[in-house]
Number of protein chains: 4
Amino acid sequence: MSQRPGPEQPEDGGTAAGRRQPDPTRRNARSRAAILMASLQLVGEVGYARLTIEAIAARAGVGKQTIYRWWPSKAAVLLDAFTEGGGEGGPEAAVPDTGDLAADLRAVLRATADEFSDPAFEAPYRALAVAGAQDAELAREFDARLTDVGTELYVARLRSARDAGQIRGDVDLRLAADMLTGPFFQRWLARRGPLDHAFTDALVDAVLAGLRPRD
Amino acid sequence: MSQRPGPEQPEDGGTAAGRRQPDPTRRNARSRAAILMASLQLVGEVGYARLTIEAIAARAGVGKQTIYRWWPSKAAVLLDAFTEGGGEGGPEAAVPDTGDLAADLRAVLRATADEFSDPAFEAPYRALAVAGAQDAELAREFDARLTDVGTELYVARLRSARDAGQIRGDVDLRLAADMLTGPFFQRWLARRGPLDHAFTDALVDAVLAGLRPRD
Amino acid sequence: MSQRPGPEQPEDGGTAAGRRQPDPTRRNARSRAAILMASLQLVGEVGYARLTIEAIAARAGVGKQTIYRWWPSKAAVLLDAFTEGGGEGGPEAAVPDTGDLAADLRAVLRATADEFSDPAFEAPYRALAVAGAQDAELAREFDARLTDVGTELYVARLRSARDAGQIRGDVDLRLAADMLTGPFFQRWLARRGPLDHAFTDALVDAVLAGLRPRD
Amino acid sequence: MSQRPGPEQPEDGGTAAGRRQPDPTRRNARSRAAILMASLQLVGEVGYARLTIEAIAARAGVGKQTIYRWWPSKAAVLLDAFTEGGGEGGPEAAVPDTGDLAADLRAVLRATADEFSDPAFEAPYRALAVAGAQDAELAREFDARLTDVGTELYVARLRSARDAGQIRGDVDLRLAADMLTGPFFQRWLARRGPLDHAFTDALVDAVLAGLRPRD
DNA sequence: GGTTAAGCGAGACGGTACGTCTGGTCTTGTT
DNA sequence: AACAAGACCAGACGTACCGTCTCGCTTAACC
């Protein structure tokens, strides 16, 4: 979100013009940080639906225009807040590779489950998921900066396992990763059950059962 | 949703009173139908975020109070509208049982994918999923009336297959069903890829690979 | 201002339509009174330039929309407030007619000067004069409801004096009235000097000097 | 208005300091002229109420601070703009003295009426009158630089006539001048009627009727 | 002639109020 | 009593300006 100084504006002074884009170099870093911090606090306190730009501005000690100047929506604010504030690239930074695929995946999914049980993480992440479900443009951004990164880590670990002959050569690694994250995501977002280790362990086992060489 | 005239009001005629519950027998069926119809139309036209009670009332030719009297939220209206308007019990009415588990699941998931590609179905369903993600109470209702029903159909079909010895006896049928619906749900809600038959077929195959007896 | 239920809207449901006009019979009298009262208080406290609709609404315990629904501008609110609150038809209700024209005019102008020295009267009246100077539409309304009424009273008294032969038959009564009010108005609005009895008495004498029969 | 580098700052280099007064010798004359020009243009286009400092700055191609540095308010800008741009000392430069008082006054008032019928003159003058009505400090400045000058010219001409025995010796010349300008001002500012020659001629005659010696 | 301190164009900033929109409640008159 | 209609209090929306505050840049004035 925030500002990408891409080459999309053809002339600027032309006829179409429209919204005047601000100069990112003059941006007040202190205000920006205060806004992101306030967003995370407030979404945790009142939830996404009752999160308002006015409240963020007031909490951050900032004019509303300073938010509207730099972000197109409150979801975009949250996305910046989340990616900068704590979620450093998705559920985990990297899937460990001890050689034991099952153990590695169990460990990561357990850690992820724990993370999603932390309200400070859960509230903004859920807010972003909800916003993304309603706005394709935001969803793209959200996926590119959070979800896809996480998926890629699973794919990488699975590829390593495939190279080691621990899983069949014909498996679709992307699909396999989705089989790990999909049930997890659904259970979490729709609150279809507790995100405990029993569930994640069983999920890992069930998925791996379909990936192992037929011997 | 709508109104369950349960025995929760202890005194009613007391001092504090509170919410007067209306008499369902005097309800105007024509208004109710118009409200549900208008909800479905509007959510398809403007999406859930910009769906307003005022617009529903205006479109239905109904007073706002008639909506507030019978439903606690616009999501509840939509839920009634959806379960009565078209989604006759979730994605499908029943999983066929031809004896060929893979073929049956492929058929059902293909049909479901087609259904979720129909905007008239997709818009209100997505709206409900989004509302459910933000409101646990609503999510419960939503699951009870839509998702759980669907899941149960998969579980039933899988049980039949297990009884026929086509899948191992130790598999967790609920988890197996989640492995079918989870990736599907995630791909759909977060728009992580096209909901085509290639995807659903591959998903069915991948899940079944983990369920088959080891022989 | 407020609402004139004239027959100007031809069809309403037609193509032009536009602003939906509210139903004056359903108007909340208590809210209306509170708004007018608050307007008078606030214009006295902070002046017209810093008088805001928001502050009026807050002071009156009323939603902003209730003001915007019934009045087109804060000046219109003030005009209603002023004509109903205290200014009972302009500077004075009637010019006395004791037979002594000079004495009568002196008395009225002295009373008017006193009135314009009362901040509770002065603040809203000045606000209206200022608003009228900037908005011809409002000025028309203001004149019709306040200034013209006052002028007419002078004209009536002067006509009585003319009929009694106390002033020449060829004098333009309207102009004569303007010669009384014009210098007064200018001195007051532009603060060109004190509005004391010395001034008003001198003004009356100077004007009458030009009206008397030449003998 | 603008800046009077008077000796009001006691210490300047003190601790509290406060308002830094800028150095008038380093002032950019081109910017100053552009600001005054833009003010006059804009007040004619949108009126005083919707005249904004930002718009003046933008039209003049000038930073906002350059306006705030040299003028305390938009009214002060307008006052400078007006006194420099065209109204060179009020309605007229001098009242002619042909010996015929009535003819001289009629000529001046006719010219003044014509001037006040010119939008390029009327718009900023009305703006200043309005601003002055709301701000006593500004009104003082306005009077000193425009109105008083005009009044003094009338007084001078009347004094000349009095010395020539054309009007009585006991008349209050200041009041007489106000009887000419007051009705004119009121009619113009409150738009109580057309500012045509018929009006001004009648006004001159009516006033002079009260000034002539009783013979 | 190089340094330095202002004025300057530009515009980001913390604020306030705008006029609009919608939420959810209350009131009125009709069916 | 439910209903259509819509006025009401409340408060967030996104915009427009306010007046202040940096930023670099230009332009004297004084070394």
Side-chain angles (χ1 to χ4, degrees), chain A residues 20 22-28 30-32 34 50-58 60-70 72-74, chain B residues 19-20 22-28 30-32 34 50-55 57-58 60-70 72-74, chain C residues 20 22-28 30-32 34 50-58 60-70 72-74, chain D residues 20 22-28 30-32 34 50-58 60-70 72-74:
Chain A
R20 169 161 272 90
D23 178 354
T25 68
R26 304 197 46 187
R27 191 161 184 183
N28 185 324
R30 190 197 301 288
S31 295
R32 180 184 147 88
R50 268 178 301 177
L51 176 68
T52 68
I53 301 264
E54 295 215 322
I56 296 173
V62 139
K64 291 196 318 182
Q65 201 57 45
T66 300
I67 300 181
Y68 285 111
R69 179 156 34 232
W70 300 110
S73 68
K74 66 179 177 178
Chain B
R19 201 51 47 209
R20 298 272 314 272
D23 177 355
T25 67
R26 308 199 52 172
R27 187 163 187 183
N28 185 326
R30 190 195 301 286
S31 294
R32 179 182 147 88
R50 272 179 300 179
L51 177 68
T52 67
I53 299 264
E54 297 216 320
V62 139
K64 282 166 42 169
Q65 196 56 42
T66 302
I67 298 181
Y68 284 111
R69 177 149 43 229
W70 300 109
S73 69
K74 66 179 177 178
Chain C
R20 171 161 272 88
D23 178 354
T25 67
R26 305 199 44 187
R27 189 161 186 183
N28 186 323
R30 190 196 302 285
S31 295
R32 179 183 148 89
R50 269 178 301 178
L51 176 68
T52 68
I53 300 264
E54 296 215 323
I56 296 173
V62 140
K64 291 197 315 183
Q65 199 58 47
T66 301
I67 299 181
Y68 285 110
R69 179 155 37 232
W70 300 110
S73 67
K74 66 178 178 180
Chain D
R20 299 273 312 272
D23 177 354
T25 67
R26 309 197 51 174
R27 188 164 186 182
N28 185 325
R30 190 198 300 289
S31 294
R32 179 182 147 89
R50 271 178 302 180
L51 177 68
T52 68
I53 300 264
E54 297 217 320
I56 296 173
V62 138
K64 283 166 37 170
Q65 197 56 42
T66 301
I67 300 183
Y68 285 110
R69 184 176 304 119
W70 299 110
S73 69
K74 65 179 179 179

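Per chain, numbering begins at 1; letters A, B, ... match sequence-line order. Hydrogens, waters and symmetry mates are skipped; everything else that's a heavy atom, side chains included, is used.
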Just the rounded figure in Å: distance from [atom2] of [N] to [atom1] of [X].
{"X": "D:Arg69", "N": "F:dT22", "atom1": "CZ", "atom2": "C1'", "value": "13 Å"}
{"X": "A:Arg50", "N": "F:dA12", "atom1": "CZ", "atom2": "P", "value": "12 Å"}
{"X": "D:Gln65", "N": "E:dG9", "atom1": "CD", "atom2": "C1'", "value": "11 Å"}
{"X": "A:Ile67", "N": "F:dT15", "atom1": "CD1", "atom2": "P", "value": "13 Å"}
{"X": "B:Trp70", "N": "F:dA1", "atom1": "CH2", "atom2": "C1'", "value": "10 Å"}
{"X": "C:Arg27", "N": "F:dC9", "atom1": "CZ", "atom2": "P", "value": "11 Å"}
{"X": "B:Asn28", "N": "F:dA1", "atom1": "CG", "atom2": "C1'", "value": "12 Å"}
{"X": "C:Tyr68", "N": "E:dA17", "atom1": "OH", "atom2": "P", "value": "11 Å"}

With respect to the phosphate group of F:dA4, does any side-chain polar atom (N or O) of B:Thr66 fall under 4.0 Å of OP1 or OP2?
-> yes
Looking only at side-chain N and O atoms, does D:Ser31 come under 4.0 Å of OP1 or OP2 in E:dG9?
-> yes
Of the candidate nucleotides F:dA2, E:dG24, E:dT20, which contains the atom at the shortest distance from the side chain of B:Glu54?
-> E:dG24
Give me the atom names and distance for the closest heavy-atom approach of [X] to [Y].
{"X": "A:Ile67", "Y": "A:Ala57", "value": "CD1-N, 3.8 Å"}
{"X": "B:Pro22", "Y": "B:Trp70", "value": "CG-CZ3, 3.4 Å"}
{"X": "C:Lys74", "Y": "C:Ile53", "value": "CB-CD1, 3.9 Å"}

Quiz item: C:Arg26 side-chain donor-acceptor pair to E:dT28 base, under 3.5 Å = no
Distance-only donor-acceptor test (3.5 Å): side chain B:Lys64, base F:dG6 | no
By nearest nucleotide on DNA chain E, pick out whichever of D:Val62 and B:Thr52 is the more 5' one.
-> D:Val62
What nucleic acid atoms does A:Thr25 come within less than 4.0 Å of, heavy atoms only: base, sugar-phosphate, or nothing?
-> nothing
Earlier contact from the 5' end, DNA chain F, for A:Leu51 and C:Asp23 = C:Asp23
5'-most by nearest nucleotide on DNA chain F - D:Ile53 or C:Ala57 | C:Ala57
Using a 4.5 Å cut-off on heavy atoms from C-beta on, say whether the side chain of D:Arg69 contacts that of D:Thr66.
-> yes
